[in-house]
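See below for the structure under consideration.
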Amino acid sequence: MQRLLTVDQAAATRYADLVPGTTAANRQILAIGNSDTYGGAGGTYATASGATRCPR
């Protein structure tokens, strides 16, 4: 679906596992994209996006 921002959950988990002291029980994973086209879809991991430029 065009305009849908999704997350590769396996990759996000692998990167999160690299942070010392974190476990699945004590962390939240958030993927942020800088886009005025694509937006978040929800799901296991949170997604968000914002516009690429500031309003004048």
**Asked** How close do A12 and V7 get, heavy atom to heavy atom, and via which atoms?
**Response**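 Of all heavy-atom pairs spanning A12 and V7, the closest is CB-CG1, 3.9 Å.
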
**Request:** For residues Q28 and T22, determine if any side-chain heavy atom of one lies less than 4.5 Å from a side-chain heavy atom of the other.
**Result:**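 No, too far: nothing below the 4.5 Å cut-off.
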
**Asked** Does the D17 side chain pair with the main chain of T23, one donor and one acceptor, at a distance under 3.5 Å?
**Response**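 It does not hold such a pair.
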
